[in-house]
Amino acid sequence: MSTKQYNRYTVTAALPYANGPKHIGHLAGAYIPADVYVRYLRLTGKDVIFVCGSDEHGTAIPNQALKENTTPKAIIDKYDALIRDCFDKLGMSFDIYHRTSETIHHQTSQEIFLSLYNKGLLTEEVSEQYFDAEAKVFLADRYIVGICPKCGHTNAFGDQCEKCGSTLSPRELINPRSTLSGKAPILKETKHWYLPLEKYEPWLRDWILKSHQQDWKPNVYGQCKSWIEAGLQPRAMTRDLDWGIKVPLPDAEGKVLYVWFDAPIGYISATRALFEETTSGKLKYATPRSNFSIAQKEDWKKYWQAEDTRLIHFIGKDNIVFHCIIFPVMLHATGEFIVPDNVPANEFMNLEGDKMSTSRGWSIEMHEYLADFPDKPDVLRYALLTNLPEAKDSEFTWKDFQAKNNNELVAILGNFVNRAVVLTQKYFEGVLPNRKALSEVDVKVLAELKQYPVLIGGSVEAFRFREATANLMDLARVGNKYLAETEPWKLAKSDMDRVGTILNIALQIAGTLAIVSEPFLPFTSRKLKEMLSVGEMNWNDAGNPDLLSAGTKLQEAPLLFEKIEDGVIDQQIKKLMDTKRAVELAQQPVEPAKAEISFDDFSRMDIRIGKILKAERVEKSKKLLKLQVDTGIDVRTVMSGIAEHFTPEDVLGKEVTILVNLASRKIMGVESQGMILMASDKDGSLKLLSPTNEVAPGAKVS
RNA sequence: GGCGCGGUAGCUCAGGUGGUUAGAGCGUUGGAUUCAUAACCCAAAGGUCGGGGGUUCAACUCCCCCCCGCGCUACCA
């Protein structure tokens, strides 16, 4: 943190993209740490707003709509509702969870765009882009496939070949075709507005490289440095698309703002909406956690424009460049907005040894977790918190989840609270006893108790949430240890004053646990407060030896956590495997159809059934088999690239489909006359195409 | 290829600005205990800190080289 004095906080969590459900990796990356941070700030009495919302523009939304055979609007409504509901059930304490499809967001985005435009800060450029004449849309790189110029892979994407890994641009692809229509795209001129990032390099160097070397996380700082040193370039802030925010210029028909231009502005719009809704009293998206009722509609500006506001973005590492370079440049360029003081981006959380991915079916989706464990939001919060990818990618396993629940939440925290409460009920009818003379152990434990809120708070303020969570659990350990050392159950026959003192202290510890657990385990915290018959308290109350007053009647003590049996965990692991398999099968890589041909085109091909008479390996070749094929017309030599899938013995005597009028070609010094046709499966394996019943060599295929 | 971030006990991970016997939780082993969801509490075993050089009185911590993992490489949200 800089030496600056801050009087309020604006905290954002990455806007989830509303093209599908979100998984626990997203939670670990941004939402959970953000929520812990904000809840802590509120408890310490800070002026803080916590904003988030659904990101509902970009090319992937209409694309998902095509996939689900519906409209973009239906897609965003569906996933916004799903994500919103999950966040609510997981205790995300947003002051507002907004949507970028809302009018106020369109206005805000257009205002900022125009502000930049009117200041002459955007440059116009005309370039040629691939256009799908049939779908009548310009194609994003990802939606163009073709032959990789480097390795010959036939399904390289316009931005990258997944086979050889090389970075491409669509223009490099050989025989490009649109994944939408399958047709060859045409080049068409189009005009766009660019933000000249390179002009802000000196400012970025000063702001990030100089001013934030100490306080930004190494992964974030390093990533920014890498970008800046590599040299920044103008970046297009508009797209040719009919889904999004219209470019507010006269000559911009069919153009929208780049989704990464409008998405982060969503934080600002959400803030505006928050104050509009709270001041008008009509709450639609806002769920204000602080008292904003005395606020003014224009107060949103304080949170985005006042120099004494501390702006913090919680994101995953995939968002670093947008939140540390592009968005700050946008904000800075307008001359009206503050830039983030910190961007504590997390790395990724892997799952059972592999990268989490919704599309590959290898993930734990929020809504599925909540469906399977409806009463356990805090268990997930805890399991994620203790293993956040703060410095490097981390790993979530179901076994670990179970262990964290059974060995820590149940055995340490739940057990301590249960012991203290049950003992009080047993010996004092559930009424909190008085504290009498203190022993050395008592004094020591009370001193220790006092330190924990400070310790935990320090870790949270430094964005070390794992450490903070571990400290929380350590406090429960202190409680267990205290009971083990003082053994009140043994003294119950001889010295009830002593027992009372011990239980008073044990319950004070439980009271502090109720407060300091709130940011991490809000649902548990609430239960604990009810159990101890205390209301809402703030962080300053934590550690106080007189937090709970003697004479307080405790409530019946339900167990805070319950054990999770092996069977439940095994079932989850099985479910994970099953989902992955199902997705793999469902996701037959449906390669788009090739460009249309005429019947004549087709009939020019002469395809026959032939019989393999001889097959042998080719020296120095991994892929080739040299085949002698009886085509009915003749016996000819065909070089076939199937050696990685078939041995010569496999194919000997087999009937195969062969293209006989393909121009002959020398391969590895041998004249190859024709081509054996194969079915290539999604995993890349090849299968021979043979007639189901034997036919005479030379039979025509048509 | 270039750049960035990582590679620390069986597992998951901590280890500002170099300095006594390298830490935590889980797991393992042993002990103690019975208030508690056979939980708690105590103790022990367990690491040549990816490999190799170098700087230094001293390096997990700084520099160089190599190996491995992840990410970025700029119209994938």
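Throughout, a chain's letter reflects where its sequence line sits, starting with A, and its residues are numbered from 1. We use all heavy atoms of the structure for the numbers below, so side chains are in, but hydrogens, waters and symmetry mates are not. As the structure is a prediction and not an experimental result, all values here were calculated from the model.
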Note: [X]-[Y] ion pair, threshold 4.0 Å (strictly below):
| X | Y | answer |
| --- | --- | --- |
| A/E201 | A/R205 | yes |
| A/R177 | A/D132 | no |
| A/K317 | A/D393 | yes |
| A/K136 | A/D240 | no |
| A/E128 | A/K188 | no |
| A/K78 | A/E68 | yes |
| A/K481 | A/E448 | no |

If you check the [X] side chain, which of [options] turns out closest?
| X | options | result |
| --- | --- | --- |
| A/W227 | B/U34, B/C72, B/A14 | B/C72 |
| A/K490 | B/C35, B/U33, B/C40 | B/U33 |
| A/Y194 | B/C70, B/C75, B/U37 | B/C75 |
| A/A391 | B/U37, B/C35, B/A14 | B/A14 |
| A/S127 | B/C41, B/C75, B/C35 | B/C75 |
| A/K392 | B/U33, B/C41, B/G7 | B/G7 |
| A/V410 | B/U37, B/C70, B/A36 | B/U37 |
| A/R239 | B/U12, B/C75, B/U34 | B/C75 |
| A/N387 | B/G6, B/U12, B/C35 | B/U12 |
| A/K481 | B/C35, B/A39, B/C42 | B/C42 |

Say we look at [N] and [M]: how far apart would their [atom1] atoms be, to the nearest angstrom?
| N | M | atom1 | value |
| --- | --- | --- | --- |
| B/G25 | B/C67 | C1' | 31 Å |
| B/G2 | B/A45 | P | 46 Å |
| B/G18 | B/C57 | P | 15 Å |
| B/C5 | B/C65 | P | 14 Å |
| B/C49 | B/U21 | C1' | 16 Å |
| B/G47 | B/C41 | P | 26 Å |
| B/C68 | B/C26 | C1' | 26 Å |
| B/G19 | B/C72 | C1' | 37 Å |

How close or far is atom [atom2] of [N] from atom [atom1] of [X], stated in whole angstroms?
| X | N | atom1 | atom2 | result |
| --- | --- | --- | --- | --- |
| A/E352 | B/C11 | CD | P | 15 Å |
| A/F561 | B/A36 | CZ | C1' | 16 Å |
| A/Q233 | B/C72 | CD | P | 18 Å |
| A/F465 | B/U12 | CZ | C1' | 20 Å |
| A/N406 | B/C40 | CG | P | 11 Å |
| A/K225 | B/G2 | NZ | P | 17 Å |
| A/E487 | B/U34 | CD | P | 7 Å |
| A/E565 | B/A38 | CD | C1' | 13 Å |

State, without any angle test, whether [X] and [Y] hold a side-chain donor-acceptor pair at a distance under 3.5 Å.
| X | Y | result |
| --- | --- | --- |
| A/E352 | A/T397 | no |
| A/Y382 | A/T524 | no |
| A/H323 | A/Y267 | yes |
| A/R498 | A/S439 | yes |

- Item | All stems with RNA chain B, defined as three or more consecutive Watson-Crick or G-U pairs under 3.5 Å |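 Correct response: B:1-7 with B:67-73, B:10-13 with B:23-26, B:28-31 with B:41-44, B:50-54 with B:62-66.
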- Task: Nearest-nucleotide wise, let me know which of A/H57 and A/W489 is further upstream toward the 5' end of RNA chain B.
- Result: A/W489
- Task: Would you mind telling me which residue lines up with the more 5' stretch of RNA chain B, A/N219 or A/F396, judged by nearest nucleotide?
- Result: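 Nearest nucleotide further toward 5': that of A/N219.
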Scan nucleotides 23-26 of chain B against the protein and return all N/O pairs shorter than 3.5 Å with their distances rounded to 0.1 Å.
from	atom 1	to	atom 2	distance (Å)
B/G25	O3'	A/R477	NH2	3.1
B/G25	O2'	A/E408	OE2	2.7
B/C26	O3'	A/N407	ND2	2.9

- Query: Counting only side-chain N and O atoms of A/R235, is one of them less than 4.0 Å from OP1 or OP2 of B/C75?
  - Reply: yes
- Hey, does the side chain of A/K399 come within less than 4.0 Å of B/C11's phosphate (OP1/OP2), counting only N and O? no
Checking all strands, does [X] fall into the base, sugar-phosphate, or nothing category for heavy-atom contacts under 4.0 angstrom?
| X | value |
| --- | --- |
| A/L232 | base |
| A/T386 | nothing |
| A/K317 | sugar-phosphate |
| A/N480 | sugar-phosphate |
| A/L491 | nothing |

- Query: Taking C-beta and beyond as the side chain, do A/T238 and A/V256 meet within less than 4.5 Å on heavy atoms?
  - Reply: no
- Starting at NZ of A/K73, measure out to CG of A/D80 and round the result to the nearest 0.5 Å.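 Result: 8.5 Å between the selected atoms.
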